[in-house]
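Model, not experiment: these values are computed from the prediction.
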Amino acid sequence: MKSYFSLKNLTSSLLIFFIYCSCKSEKTESAHTVREVMDQVVTRLYNDLNAQQLDTIRQRYILNFLTNDEKHVLATKFWTFEVNTPVTVSLMRNTKQLEIPFWLSETGFKKTQMVVKNEEYDYEVWQKDFDKGAVELGINGFDKHRPVYFISVAAREKSADLQVTNVYPSEFPMSVMKKGAFTYHDWDSLILTEIPAELDGQILFTTVRGRAREAHLVDAFRKTIAPSSEKPDQIMLTMSGDPKTAMDIQWRTNASSGLATVKYWESNGNDTLVSKGLSSKIEDRLLQNDRYIFRHTARLDKLKPGTVYNYKVGCENGEWSHIASFKTEKSGNDGFSFIWFGDTHESGIWGDMAQKSLKRHPDISFFDIAGDLVSTGLNRDEWDELWMHSGDIFQSKPLMPVPGNHDSQDGLGAGMYQEMFSLPANGPEGLPKEMTYAFNYQDALFIMIDATLSVPAQTQWLEEKLRTSKARWKFVFFHFPPYNFVEPYDEIRREWCTLFDKYHVDMVMNGHMHYYLRTKPMNNGKAMASPAQGTIYTMSISIPGKQEAWPAEDYAVKRYQDGPLYQHIAMKGNTLTYQCLDPDGVVRDAFEIIK
């Protein structure tokens, strides 16, 4: 049975996240999709132009470079659907986009005098009449203009029951064109504020700003400062299983020379064990000096608790890494410590501080990052910078992160983030795996939430984890801070903070706002006298701050307008000791919780 959309039968669906990077061979046959065309075009550009020339191409050059067949695909296969009656399609184009899409006038669209506005942007309205049958629309442009065009559709005969079917891409639900509606799923708080009466009530096609990347060529090409080689690098530990008996190891090479392999042994033993892993080929199409790499992941199981292991990684027929080491979690609850960072944004300033932090606290068990590890999560060169600046700290201490809005950007999901990490796959059903997860370490529960995903869709899972936990200490990490002076995050407070109150979460760790904050113990939005009565919310930053305004926050105990800072938390018995430090080791904030 055909599915369809009708204003008389309004349906809704969840946004499915794109994975921007994938493994595929270069195509030489005729391309039929925008993606296939752009893959072929980029490959030809690499063959024909040098790096300086790639940086200068503009729309006129690109149109001359394309074949007629490629232009046809780019003009007709970006957005397609079918209608059961003649319609008028209205296309809302942001007025600040410098280049009008090349196909718009050529295919018969006419600019009107109408204007549509939201709280940030103005859009001019272009229209075209279509007969019953297929409607085919082209790319937003060769730039990366983030406020991409969106459309509305109305039957030319007002009495007709318009049905829209076979929509591509199908991931984005249709809505109703009206004031208060949003158009971009990656910014659903950005709502329409001005709509011409002629368009009010039409079928609205929603989208994501990430679609601007689909044909991006102008000022698009990048270089990494840390290209891959045959020698394994970017070696990193994570924990997807029981930290007492398992450890995950990830690394990078520029080629796959056989099965990904880890050789490991107890530091005081002689027997060498071998574990095989998985390899995946990753593409960043616009990374001109390192388009393809291989990312390798192996999990070591049946390890001994509290034991130091040495290891090296490689492929059977390739080079091997230097020897590194890690220690599994001890049995019992005799105490441990960890370090966490706010927004790192692939910064060298953060990397310097992170390396100093491990030298200062060599006995920590792992690191956490509360989101925005990089600034543009789909650009692999930024991940290269992050790992380069971190040195070798993650070769000996696992990293357990959560994504922020920059890691999962413009509605395209966090495909590159997911390629980087092997994390517990125990998050909410129906949501992307390894983005939200939970793990235990000694007598502490760590709940790691991807706050860029639906908040209500994760509430039941969150409550189940809190309700069933017998851990003495409970920590929750996610990117968006419920307490700050910029954005109230009412949904998070309503859905999650009430559970923190109900099940007494000790601390919540956030980032995003680029300043440091520690609140009083909070319960139901009110400051309490002691940590036993409420949850302490902390927000930190690993780079210089950006706050211009600095209004008072009555729930704050300590604030700093600038970074970089990091946090060291240690637990032993009934006592938790918290310190916030700067790169020189100066303690900027400290407190204890005694249970």
Any chance [atom1] of [X] has more than 12 other-residue heavy atoms, nucleotides or ligands included, within less than 6.0 Å?
X	atom1	answer
E487	CD	yes
D271	CG	no
E319	CD	yes
K526	NZ	no

Side chains of [X] and [Y] only: does a donor on one sit below 3.5 Å from an acceptor on the other?
X	Y	answer
D186	Q409	no
H479	T452	no
E553	Y555	yes
Q395	H322	yes

Examine distances only and state if a side-chain atom of [X] and a backbone atom of [Y] form a donor-acceptor pair shorter than 3.5 Å.
X	Y	result
D410	L412	no
T344	L373	yes
D501	N524	yes
D372	H406	yes
E419	G415	no
R299	S422	no
W383	G377	yes
E495	P456	no
E434	L423	yes

With F326, the ring-ring contact (aromatic ring centres under 6.0 Å, His included) member among F366, Y311, F394: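 Considering F366, Y311, F394, a ring-ring contact (aromatic ring centres under 6.0 Å, His included) with F326 is found only for Y311.
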
Partner of F338 under ring-ring contact (aromatic ring centres under 6.0 Å, His included), chosen from F367, Y578, F475: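 Testing F338 for a ring-ring contact (aromatic ring centres under 6.0 Å, His included) against F367, Y578, F475 leaves exactly one candidate, F475.
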
Axial cation check for F336 ring with K330, 6.0 Å and 45° limits: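 Verdict for F336: no cation-pi partner in K330.
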
Within 45° cone of Y560 ring axis and under 6.0 Å: R588 NZ or CZ: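 Judged by the rule (NZ or CZ under 6.0 Å from the ring centre, within 45° of its axis), R588 counts as positioned above Y560.
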
Which distance, rounded to the nearest 0.5 Å, do you find between the [atom1] of [X] and the [atom2] of [Y]?
X	Y	atom1	atom2	value
I449	Y437	CD1	OH	11.0 Å
S279	K281	OG	NZ	12.5 Å
T519	M539	OG1	CE	10.0 Å
E385	T224	CD	OG1	7.0 Å
M507	I569	CE	CD1	4.5 Å
S357	L565	OG	CG	12.0 Å

Distance-minimising heavy-atom pair for H345 and V374: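 Looks like ND1-O, 3.7 Å.
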
Salt bridge flag under 4.0 Å for residues R252 and D233: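 Judged by the 4.0 Å cut-off on N to carboxylate O distance, R252 and D233 do form a salt bridge.
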
Identified side chain to side chain contact (heavy atoms under 4.5 Å, CB included) counterpart of V313 within the set I249, T253, I323: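 Option passing the side chain to side chain contact (heavy atoms under 4.5 Å, CB included) with V313: I249.
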
Option passing side chain to side chain contact (heavy atoms under 4.5 Å, CB included) with I594 (candidates T575, L576, T577):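 The side chain to side chain contact (heavy atoms under 4.5 Å, CB included) with I594 is passed solely by T575 among T575, L576, T577.
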
Y489 and F478 aromatic centres sub-6.0 Å: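 Centroid distance Y489-F478: not below 6.0 Å, so no.
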
Evaluation steps, side-chain hydrogen bond (donor to acceptor under 3.5 Å, both in side chains), between S365 and E329: CA-CA 8 Å; S365 296; E329 177 193 347; over 6 Å; no

Ring geometry between W387 and F421 (parallel below 30°, tilted from 30 to 60°, perpendicular above 60°):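 Answer is perpendicular, since the angle exceeds 60°.
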
Option among K223, R222, R213 that satisfies the salt bridge (charged side-chain N to carboxylate O under 4.0 Å, His left out) test with D284: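 For D284, the salt bridge (charged side-chain N to carboxylate O under 4.0 Å, His left out) check succeeds only for R222.
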
Flag side-chain contact, heavy atom, 4.5 Å: V587 against L581: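 SC-SC contact between V587 and L581 confirmed.
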
Salt bridge (charged side-chain N to carboxylate O under 4.0 Å, His left out): pairs with one or both residues in residues 446-465, sequence neighbours excluded: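 For residues 446-465, and leaving out neighbouring residues, the salt bridge (charged side-chain N to carboxylate O under 4.0 Å, His left out) pairs sorted by first residue read E463-K502, E464-R467.
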
Solution key, residues 260-267 side-chain donor-acceptor pairs under 3.5 Å, sequence neighbours excluded:
from : atom 1 : to   : atom 2 : distance (Å)
T261 : OG1    : L259 : O      : 2.9
T261 : OG1    : K276 : NZ     : 3.2
E266 : OE2    : K304 : NZ     : 2.9

